[in-house]
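Below, read A as the first sequence line, B as the second, and so on, with proteins coming before strands; counting in each chain starts at 1. Remember, it's a predicted structure, so these values are computed and weren't measured experimentally.
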There are 4 protein chains.
Amino acid sequence: MKEDSAKEQRILDTAAELFSRQPFHKVLLSDVARAAAVGKGTLYLYFKSKDDLYFAVLFREFSTLIDSMRRFLDENALGPGEQLAGVVRILAEHFHTTSFNMELLGSVITCPVTDEWKQLRADLWDLFARIIRRGIDKGVFRDEAPDLTARYISGLVRAVCLFAPANADLDSVCRHASGFVLRGLALER
Amino acid sequence: MKEDSAKEQRILDTAAELFSRQPFHKVLLSDVARAAAVGKGTLYLYFKSKDDLYFAVLFREFSTLIDSMRRFLDENALGPGEQLAGVVRILAEHFHTTSFNMELLGSVITCPVTDEWKQLRADLWDLFARIIRRGIDKGVFRDEAPDLTARYISGLVRAVCLFAPANADLDSVCRHASGFVLRGLALER
Amino acid sequence: MKEDSAKEQRILDTAAELFSRQPFHKVLLSDVARAAAVGKGTLYLYFKSKDDLYFAVLFREFSTLIDSMRRFLDENALGPGEQLAGVVRILAEHFHTTSFNMELLGSVITCPVTDEWKQLRADLWDLFARIIRRGIDKGVFRDEAPDLTARYISGLVRAVCLFAPANADLDSVCRHASGFVLRGLALER
Amino acid sequence: MKEDSAKEQRILDTAAELFSRQPFHKVLLSDVARAAAVGKGTLYLYFKSKDDLYFAVLFREFSTLIDSMRRFLDENALGPGEQLAGVVRILAEHFHTTSFNMELLGSVITCPVTDEWKQLRADLWDLFARIIRRGIDKGVFRDEAPDLTARYISGLVRAVCLFAPANADLDSVCRHASGFVLRGLALER
DNA sequence: AATGAATGAGATTTCATTCAT
DNA sequence: AATGAATGAAATCTCATTCAT
């Protein structure tokens, strides 16, 4: 059925763009089709339904994000604090460019609970948890429940981006968010 | 138009319940009407449109929340740290009982930009900012941008509640969230 | 939900008309709606789906037919031969006015196998079987398997109507069909 | 256009199978293509349209049937009664194996009125009419309108097969149908 | 000749909103 | 004020047909 993966990507790109600008029910599949320059039926060649498309967008967005965080960590030999600041920055950029309409992990309630999704979520949390634990091991962080903290760092960053003053530049928002997270993990001295 | 305020409240209660369990587009006005035990047309006596109802729910929910935080602060003579822990707890309870589907400040979901809404938002942020500034004045907090921090504390708490493990009890989640925020505001010693 | 039974009947009338002139997939619900002078959504107030509407038409058509045959039998004190000729005539008129596109019993395969439908089918067959058995009892018919015969008399009449020459008048077609059926049940003398 | 006649036959076989099990609009060309193990586009090399394919199936089915009846008559020197019983049996077998969804002569389902089709229909009717007339000539049948009778014998047999009890075996159904037809043509003695 | 991805007209269905009662 | 049947615009989705490969 699928053959032209480039087309699938184009559809996903377009849909991502539209879903990020409007709530789900205001995004029309005819708009997606037109904007992606494909026939309406073509959408259904690649995606079972509007919901399916929506979650595919979310999934890809999410995967990409995790990949780029991983790459950042792999390609730079940094200390835990710098690592955390770095991934927070990547997250913030993601939320800044991509939409806030898309809850990063999908609403927990609505988004599919397939193994794929569970894995993705676990991956994100694991990524943060590793950084935190490494920091603890190195004696620079302190956290009684790293797994819990890991779970909501992304939500925290989202909140920062979402509610930052309209005129705030990304840099200062990031700096503030990172600072906050880092102090939250700071050793009591 | 409006006359029977009890009925209006019943509609709001019902709608709050439903909107909190499902995304906007899955909540049908016929469901709301049935659950509220009123005719579908009656909804339109009290609310201009589905959007209007949605935002009315949000507004009331939000106002109630702010009120209860204010009351908590007024009725208890506490230090800044305890104040913060207290309002975090109230927030967490709110997110726990009420829905995660309703973005608290809905700033992106293009919620109305009337003066009413601006005021409400300002009130919430101001509430947090005051606590933080009071802490700074008292020499127990440290924050370079209290207004910025104030803006995303609610988002942080939401994230914590949203992504806490299903089996986590509210108490430990609150404790963790408060601890995190408080350390984020801690003086460097 | 339903209140206006007259409207439901109008929809059924219209649909019967259209389904009788064209095969299922050429009958558009927008045509039905327009012809019945109701909104497209109204159809769904009374019928769950296009299939549902189709079978409702069939069911009513069928019930009406059985009723008129029953009434004919009740209101006229006739001998078995005359009874048979009469109901054949009624059947033929039905097929003549109503459509041939609608298989009287619905395609056995496709049409719902609810109790309602089973009952209706049983009623028709019973009606014929009674006449035949009465004829046997009175010594004017002969049939080794009245129940089997009863099952296909309606199909036979349909076939006669369906394949009669275009210019044949209803009377002669009926006469021939009745004659054929009656001889088929005739005593060997 | 057509070249590979074996492939064409395979398509026809497959389509016959599918059309016989479901009504026209439930048979998808993609199903036909998949089941026939050809590409969807290939169907269009052999048939102009879905309708065209449908009628081609019908035509072939019908021709085969007439051929086998003719062969039966040619290869066996039988009296009119035996001839009739024989062709009824062939018809019944046809309806039993092939579908009831395909109206044999499809006269209403606006099947093409080409000379080919007129001829085919005429052939079937003629075949029956000849048998009946031969019976009349031989003094064993009696029928005032053999042409009319000829027209609906096939419909009668179809009805018998269609509505016979599910557990009835073909033999007894045939015997009953033949008996009915033969008595319908019986001399009044 | 053969394919099946792509198409888009048009099908069914939904649901916020209206309005006669 | 209250209703819910009626509406129809607009949404999702289907599928016969085309066409580039």
Side-chain angles (χ1 to χ4, degrees), chain A residues 1-4 7-8 11 24-34 36-53, chain B residues 1-4 7-8 24-34 37-53, chain C residues 1-4 7-8 11 24-34 37-53, chain D residues 1-4 7-8 24-34 37-54:
Chain A
M1 217 184 232
K2 298 186 205 179
E3 179 167 308
D4 188 347
K7 186 163 288 188
E8 182 174 357
I11 294 172
F24 183 85
H25 74 283
K26 294 236 171 129
V27 175
L28 310 190
L29 289 194
S30 29
D31 293 344
V32 176
R34 192 178 331 105
V38 298
K40 230 185 303 186
T42 306
L43 299 180
Y44 286 84
L45 223 47
Y46 292 93
F47 306 97
K48 270 206 320 290
S49 66
K50 188 183 178 182
D51 276 24
D52 191 47
L53 172 60
Chain B
M1 212 194 227
K2 303 183 199 179
E3 184 141 326
D4 185 345
K7 187 169 286 188
E8 182 176 356
F24 184 85
H25 75 282
K26 294 238 171 130
V27 175
L28 308 190
L29 288 194
S30 38
D31 293 343
V32 176
R34 190 177 335 102
V38 297
K40 228 191 307 183
T42 306
L43 299 179
Y44 284 82
L45 294 177
Y46 294 91
F47 306 96
K48 268 207 323 287
S49 67
K50 186 182 180 184
D51 277 21
D52 191 47
L53 171 60
Chain C
M1 215 182 234
K2 297 187 206 179
E3 180 168 309
D4 187 346
K7 186 164 289 187
E8 183 175 356
I11 294 172
F24 183 85
H25 73 284
K26 295 237 170 128
V27 175
L28 310 191
L29 288 195
S30 28
D31 293 344
V32 176
R34 191 177 334 102
V38 298
K40 231 187 298 187
T42 307
L43 299 180
Y44 285 84
L45 223 48
Y46 292 92
F47 305 97
K48 271 207 319 290
S49 66
K50 188 183 179 183
D51 276 24
D52 192 48
L53 172 60
Chain D
M1 210 195 231
K2 302 184 198 180
E3 183 142 327
D4 185 345
K7 187 169 285 189
E8 183 175 356
F24 183 84
H25 75 282
K26 295 238 170 131
V27 175
L28 307 190
L29 288 193
S30 39
D31 293 344
V32 176
R34 189 176 336 102
V38 298
K40 227 191 308 181
T42 307
L43 299 179
Y44 284 83
L45 295 177
Y46 294 90
F47 305 96
K48 268 206 324 288
S49 68
K50 186 182 180 184
D51 278 21
D52 192 47
L53 171 60
Y54 180 72

Between [N] ([atom2]) and [X] ([atom1]): distance, integer Å:
{"X": "A:Phe47", "N": "F:dT14", "atom1": "CZ", "atom2": "C1'", "value": "18 Å"}
{"X": "A:Leu29", "N": "E:dA11", "atom1": "CG", "atom2": "P", "value": "20 Å"}
{"X": "B:Asp31", "N": "F:dG4", "atom1": "CG", "atom2": "P", "value": "15 Å"}
{"X": "C:Leu43", "N": "F:dA5", "atom1": "CG", "atom2": "C1'", "value": "13 Å"}
{"X": "B:Leu45", "N": "E:dA16", "atom1": "CG", "atom2": "P", "value": "17 Å"}
{"X": "A:Arg34", "N": "F:dA11", "atom1": "CZ", "atom2": "P", "value": "11 Å"}
{"X": "A:Lys26", "N": "E:dA16", "atom1": "NZ", "atom2": "C1'", "value": "12 Å"}
{"X": "A:Tyr46", "N": "F:dT14", "atom1": "OH", "atom2": "P", "value": "17 Å"}

Which residue, A:Val38 or B:Ser30, contacts DNA chain E at a nucleotide closer to its 5' end, judged by nearest heavy atom? A:Val38
Looking at residues at least two apart in the chain, or sitting in another chain, which of them share a side chain to side chain contact (heavy atoms under 4.5 Å, CB included) with B:Asp31? B:Leu18, B:Leu28, B:Arg34
Output yes when at least one side-chain N/O atom of D:Lys7 is less than 4.0 Å from OP1 or OP2 of E:dA2, else no. yes
OP1 or OP2 of F:dG8 versus the side-chain N and O atoms of C:Lys40: is any pair under 4.0 Å? no
Closest-nucleotide ordering on DNA chain F, the 5'-leading residue of C:Gly41 and A:Ser49: C:Gly41
Nearest heavy atom decides the nucleotide; on that basis, is A:Val27 or C:Thr42 closer to the 5' end of DNA chain F? C:Thr42
Considering all heavy atoms of both residues, which atom of D:Lys50 and which atom of D:Leu29 are nearest to each other, and what is their separation? CG-CD2, 3.9 Å
Where is the tightest heavy-atom contact between A:Phe47 and A:Ile11, given as atom of each residue plus distance? CE1-CG2, 3.7 Å
Is the shortest side-chain heavy-atom distance between C:Phe24 and C:Asp51 below 4.5 Å? yes
Report yes if the side chains of A:Val38 and A:Leu45 come closer than 4.5 Å at any heavy-atom pair, otherwise no. no
Shortest side-chain distance from [X], nucleotide among [options]:
{"X": "A:Leu28", "options": "F:dT12, F:dA16, E:dT17", "answer": "F:dT12"}
{"X": "B:Lys50", "options": "F:dT17, E:dA16, F:dA5", "answer": "E:dA16"}
{"X": "B:Tyr44", "options": "F:dA2, E:dT18, F:dT12", "answer": "E:dT18"}

Point-to-point distance, once rounded to the nearest 0.5 Å, from CG of C:Asp52 to OH of C:Tyr46: 14.0 Å
Enter the distance from B:Lys7:NZ to B:Leu43:CG here, rounded to the nearest 0.5 Å. 10.5 Å
Taking a pair as Watson-Crick (N1 to N3 plus N6-O4 or O6-N4) or G-U wobble (N1-O2 and O6-N3), both under 3.5 Å, which stems of 3 or more consecutive pairs involve DNA chain F? E:2-21 with F:2-21
